[in-house]
Student: 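Below you will find the structure I want to go over with you.
All ligand and atom numbering here is 1-based and tracks the order in the structure. Just so it is clear, the structure is predicted and the values come from calculations on it, not from any experiment. These numbers come from the heavy atoms of this one structure, side chains and all, not from hydrogens, waters or symmetry mates.
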Amino acid sequence: MTASDASHPILLSPPHMTGDERRFVEDAFRTNWIAPLGPNVDAFEREMSAQLGDMHCCATSSGTAAIHLALIMLGVRPGDTVLCSSFTFVATANPIRQLGAEPVFIDSDDASWNMSPAALRRALETLRAEGRTVRACVTVDLYGQGCDYAAIAPICAEFGVPILEDAAEALGATVHGRPCGTFGRMAILSFNGNKIITTSGGGMLVSADRTLTDHARFLATQARDPAPHYEHSVSGFNYRLSNICAGVGRGQLMTLADRVARRREIFARYSAALVSLPGVAFMPEPTWSRSTRWLTALTLDPRRAHCTRDALMAALAADRIESRPTWKPMHQQPLFAGTRMFAHDPARAPVCERLFAEGVCLPSGSSMSDADLERVISVARAALAPAAAPSSTRTHEPSPAR
Ligand SMILES: *Cc1c(COP(=O)(O)O)cnc(C)c1O
């Protein structure tokens, strides 16, 4: 009996530790490598390189720091334009502004919820006609799903604009069988506490071009020139990952395949239990995509669903279940008021505005028990089932056909 057992809170995406992390952390203590460099950092970079299929990696103190470094290395300067997915977390866009450049936001498409190739092409054509310098295109692989790179990469290549892939949410995902984190001139990963694997806080800059990751490492360690004394000719940062945190990451990375499998299983169970309810639709997975389902995201069509997104969230919260609205698009943020946004279809409202208005993320942590998963489903079904039917009978119906 788990249906209304509200004895403990269920979190959206808590860290999932195995215990194996301790071995690497204890190594750091034993050898006194308590610093933002050391053997765990080197090994974590090597192991991530192998995971992604022979990429080069530079571990950083956060995913945001990696975005900042990548934009600097792409030459982003005051007055430049940088294209960026609108449907994302603010960390994707903040460094653009902080470098004095202007973000121009790109809508999502319905098929992937990620950057719309049609909107991207229109933006690039418009900005070229206006004579603007587009220095980079920041794509975002949202909720564990990669972008339509088979369409996006050729468009960016045609216009000579490099891609920076924000794969913070998509480690372990593939697009046409190729890992997320390998699609841009550079890519970034995040190991924040809520991501699919964590270092408590941390990130990674990834590139096929070793000169870029080497330069990132130089900039991230205060840009110290080779000399016996402290010599500096450019301005650097303190952006490297701690050897202790990297030890956590090494233990976590060993479990990645299991973490992906469990998150996908959680998505499949939610989907089987809820998708037949009126107005409920889950984030689609195009045939070319294998999402990690980092977070299970769904939308409630206000014309058909039996409750609103906010009412569903309130029902879950009353049972101590954490949920979260989908990301509020950047072009709708007060921070970016007045910035331009290119819609997927200029004749319609932007896709990402609807995805925000109707979207919610359900608890998706890989450590969630089956009993907790059923508890979330039971509360969600009660809120979403047609009002006339008592929720107690609803929850005992067999799972709807797929
Ligand atoms: C988490 C996240 C980031 C930032 O990563 P941090 O490691 O928290 O700095 C950037 N972009 C997206 C899409 C994210 O989800």
Student: My understanding is that we take every heavy atom of each candidate and find the minimum distance to atom 12 (C) of ligand 1. Doing that for Leu295, Ile188, Asp166, which one comes out nearest?
Tutor: Asp166
Student: Do the side chains of Asp20 and Arg23 get close enough for a salt bridge, i.e. N-O under 4.0 angstrom?
Tutor: no
Student: Between Glu353 and Lys328, is there a salt bridge with N-O shorter than 4.0 Å?
Tutor: no
Student: Heavy-atom contacts with Asn192 under 4.0 Å: which atoms of ligand 1 show up? List them by number with element.
Tutor: 8 (O)
Student: State the atoms of ligand 1, each with its element, that fall below the 4.0 Å cut-off from a heavy-atom position in Gly63.
Tutor: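 By the 4.0 Å cutoff, the relevant atoms are 5 (O), 6 (P), 7 (O), 9 (O).
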Student: When you measure from the side chain of Thr255 to the backbone of Asp258, do you find a donor-acceptor pair of N or O atoms at a distance under 3.5 Å?
Tutor: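 Not a single qualifying donor-acceptor pair exists.
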Student: Quick one: do Asp214 and Arg217 make a salt bridge, cutoff under 4.0 Å?
Tutor: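 Arg217 and Asp214: salt-bridged.
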Student: What residue and heavy atom of the protein are closest to atom 9 (O) of ligand 1, and at what distance?
Tutor: Thr64 OG1, 2.5 Å
Student: In the protein, what heavy atom is nearest to atom 15 (O) of ligand 1, and what distance, to one decimal place, separates them?
Tutor: Glu169 OE2, 2.6 Å
Student: What atoms of ligand 1 come closer than 4.0 angstrom to any heavy atom of Phe89?
Tutor: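 By the 4.0 Å cutoff, the relevant atoms are 2 (C), 3 (C), 14 (C).
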Student: Partners of Ala43 by side-chain contact (heavy atoms from CB on, under 4.5 Å), sequence neighbours excluded?
Tutor: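 Applying side-chain contact (heavy atoms from CB on, under 4.5 Å) to Ala43 gives Arg46, Glu47, Arg250.
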Student: Answer yes when Arg97 and Glu102 have at least one side-chain N-carboxylate O distance shorter than 4.0 Å, and no when they do not.
Tutor: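 Yes, this pair counts.
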Student: Heavy-atom distances under 4.0 Å decide this one: backbone, side chain, both or neither, for Thr88 against ligand 1?
Tutor: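 Near ligand 1, Thr88 shows its side chain, while the N, CA, C and O stay back.
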Student: What atoms of ligand 1 come closer than 4.0 angstrom to any heavy atom of Gly202?
Tutor: 7 (O)
Student: What atoms of ligand 1 come closer than 4.0 angstrom to any heavy atom of Thr92?
Tutor: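 Near Thr92, meaning under 4.0 Å from one of its heavy atoms, ligand 1 has 11 (N), 13 (C).
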Student: Picking from Phe342, Phe87, Phe336, what satisfies ring pair (Phe, Tyr, Trp, His ring centres under 6.0 Å) with Phe105?
Tutor: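 Going through Phe342, Phe87, Phe336 one by one, the ring pair (Phe, Tyr, Trp, His ring centres under 6.0 Å) with Phe105 is satisfied by Phe336 alone.
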Student: Which ligand 1 atoms are under 4.0 Å away from a heavy-atom of Ala91?
Tutor: 3 (C), 4 (C), 10 (C)
Student: Can we say Glu130 and Arg340 salt-bridge, meaning some charged N sits less than 4.0 Å from an Asp/Glu carboxylate O?
Tutor: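 Yes, Glu130 and Arg340 are salt-bridged.
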Student: Is any NZ, NE, NH1 or NH2 atom of the basic residue among Arg240 and Glu45 found under 4.0 Å from an Asp or Glu carboxylate oxygen of the other?
Tutor: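 Salt bridge between Arg240 and Glu45, a charged N being under 4.0 Å from a carboxylate O: yes.
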Student: Quick check on contacts: which atoms of ligand 1 are under 4.0 angstrom from a heavy atom of Lys195?
Tutor: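 Result: 1 (C), 2 (C), 14 (C), 15 (O).
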Student: Using heavy-atom distances only, which candidate in Ser61, Ser62, Ser190 approaches atom 5 (O) of ligand 1 most closely?
Tutor: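 When every heavy atom of Ser61, Ser62, Ser190 is considered, Ser190 comes closest to atom 5 (O) of ligand 1.
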Student: Find all atoms of ligand 1 within a distance of less than 4.0 Å from any non-hydrogen atom belonging to Ala168, and give their numbers and elements.
Tutor: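 Answer for ligand 1: 2 (C), 3 (C), 10 (C), 11 (N), 12 (C), 14 (C).
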